[in-house]
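Comments concern the structure below.
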Number of protein chains: 2
Amino acid sequence: MKKTAEINATPVCQVRMQAISDTMSLLSGKWKFHILGTLIEGNTLGFMDLLREINGIGTKMLSKELQDLEVNNLVNRRVMNTKPITVEYSITEYGKTLSPLIDEMAKWGIDYRRKVYLKDAK
Amino acid sequence: MKKTAEINATPVCQVRMQAISDTMSLLSGKWKFHILGTLIEGNTLGFMDLLREINGIGTKMLSKELQDLEVNNLVNRRVMNTKPITVEYSITEYGKTLSPLIDEMAKWGIDYRRKVYLKDAK
DNA sequence: GAAACTACTTTCCTTTTAGAAAGTGTCTAG
DNA sequence: CTAGACACTTTCTAAAAGGAAAGTAGTTTC
């Protein structure tokens with residue numbers, strides 16, 4: 001008997017799959033969660049502040065990722081009229097809706113470390 | 001004045017950053033969330049079942065990602081003693097602890113779609 | 001006027017990720 | 001004895017992601 005046709009297309013699953021893909025594509029890459037997490041904690045920060053806060057990121061990546069996040073209305077970019085020009089980045093109201101997701105991710109990662117540590121200690 | 005030294009090393013932030021990196025590295029790639037989500041919904045599934053359920057994935061990726069997830073104790077692999085050999089994949093108890101994270105991700109993605117749809121409709 | 005600060009952009013290069021296609025090997029129904 | 005099912009692995013290649021370093025551009029401090 002052939003069995004190629006029966007793809008599970010239950011609407012609920014399809015919607016969930018699509019939703020997960022959407023979320024991941026907006027937050028893809030190595031740095032977006034770090035940037036968002038830092039901005040959620042730290043209110044407004046300048047470009048150089050972020051560069052110092054986020055360990056390991058370079059200017060190219062920071063610049064590119066901030067642009068992506070701005071386009072998707074997750075981050076505000078505000079050029080200040082200061083002597084050496086400064087730019088203030090902050091999380092948008094919409095960006096704040098990612099807090100539960102980021103918190104879950106951090107929480108799970110912390111538990112994971114604890115678990116690995118306990119296993120190794122045995 | 002120079003400003004190269006003051007890296008924010010508050011323990012809380014560092015731990016959160018590390019935790020987020022850990023979680024992301026375990027769940028990296030295009031397919032892990034889909035596989036885990038499908039297994040959480042669908043109890044035990046065979047390799048071909050997963051291939052059919054997860055739209056777009058190929059055998060190479062599915063095989064590789066399942067191995068990764070098995071190594072990290074998120075997925076069980078059980079070879080069944082059947083005529084044409086079958087393998088049953090299922091989520092582990094530990095894998096189930098990812099449910100809240102996956103749910104958050106799906107929830108946010110669904111809200112995002114709704115928001116984009118409403119904006120376009122205006 | 002040299003050095004240092006702000007905020008990037010650009011270029012070049014390496015690594016990683018992903019997919020398509022074909023191959024391996026076993027078993028069974030017709 | 002061939003076609004199709006299951007469960008992969010291997011190879012080849014293309015595309016995407018990421019990083020290091022240098023460059024651009026304006027301001028300010030010493």
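Throughout, protein chains are lettered first and strands after them, A, B, ... in sequence-line order, and every chain is numbered starting at 1.
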Next on the checklist: Does anything in residues 63-71 of chain B come within less than 4.0 Å of DNA chain D? Heavy atoms only, and list the residues if so.
Outcome noted: B:Ser63, B:Gln67
Next on the checklist: Just to verify, what does A:Leu62 make a side-chain contact (heavy atoms from CB on, under 4.5 Å) with, not counting sequence neighbours?
Outcome noted: A:Ile35, A:Phe47, A:Leu50, A:Leu51, A:Ile57, A:Leu66
Checklist outcome for this item: Hits for side chain to side chain donor-acceptor pair (under 3.5 Å) against A:Asn76, two or more places apart or cross-chain, chain-then-number order -> none
Checklist outcome for this item: Residues at least two apart in sequence or cross-chain that pass side chain to side chain donor-acceptor pair (under 3.5 Å) with A:Thr38, listed by chain then number, are none
Item to check | Phosphate OP1/OP2 of D:dA5 contacted by B:Arg52 side-chain N/O (<4.0 Å) | outcome: no
Distance-only donor-acceptor pairs under 3.5 Å for side chains of residues 101-108 of chain A, two or more places apart:
from     : atom 1 : to      : atom 2 : distance (Å)
A:Asp103 : OD1    : B:Arg16 : NH1    : 3.2
A:Asp103 : OD1    : B:Arg16 : NH2    : 3.2
A:Trp108 : NE1    : B:Thr97 : OG1    : 3.0

Measure [atom1]/[X] against [atom2]/[N] and give the value in whole Å, please.
| X | N | atom1 | atom2 | value |
| --- | --- | --- | --- | --- |
| B:His34 | C:dG19 | NE2 | C1' | 15 Å |
| A:Leu45 | C:dA7 | CG | P | 11 Å |
| B:Leu62 | D:dC6 | CG | C1' | 13 Å |
| B:Met80 | D:dC6 | CE | C1' | 14 Å |
| B:Met48 | D:dA5 | CE | P | 8 Å |
| A:Ile85 | D:dT28 | CD1 | P | 11 Å |
| B:Met24 | C:dT16 | CE | P | 16 Å |
| B:Asn81 | C:dT28 | CG | P | 11 Å |

Next on the checklist: Filter on side chain to side chain donor-acceptor pair (under 3.5 Å), then keep only pairs touching residues 84-96 of chain B, sequence neighbours left out; what's left?
Outcome noted: B:Arg77-B:Tyr89, B:Thr82-B:Thr86, B:Glu93-B:Lys96
N/O-N/O pairs, protein side and nucleotides 19-25 of chain D side, under 3.5 Å:
from   : atom 1 : to      : atom 2 : distance (Å)
D:dG19 : OP1    : A:Lys30 : NZ     : 2.5
D:dG19 : OP2    : A:Trp31 : NE1    : 3.0
D:dG19 : N7     : A:Lys60 : NZ     : 3.1
D:dG19 : O6     : A:Lys60 : NZ     : 2.4

Item to check | Heavy-atom donor-acceptor pair, A:Lys64 side chain to A:Lys60 backbone, under 3.5 Å | outcome: no
Next on the checklist: Just to verify, what does B:Arg78 make a salt bridge (Lys or Arg N to Asp or Glu O under 4.0 Å) with, not counting sequence neighbours?
Outcome noted: none
Checklist outcome for this item: Those residues at least two apart in sequence (or on a different chain) that pass salt bridge (Lys or Arg N to Asp or Glu O under 4.0 Å) with B:Asp22 are A:Arg113
Checklist entry - Going by an N to O cut-off under 4.0 Å, is there a salt bridge joining A:Lys115 and A:Asp111? => result no
Checklist outcome for this item: Whichever of B:Pro84 and A:Val87 has the more 5' nearest nucleotide on DNA chain C, that residue is A:Val87
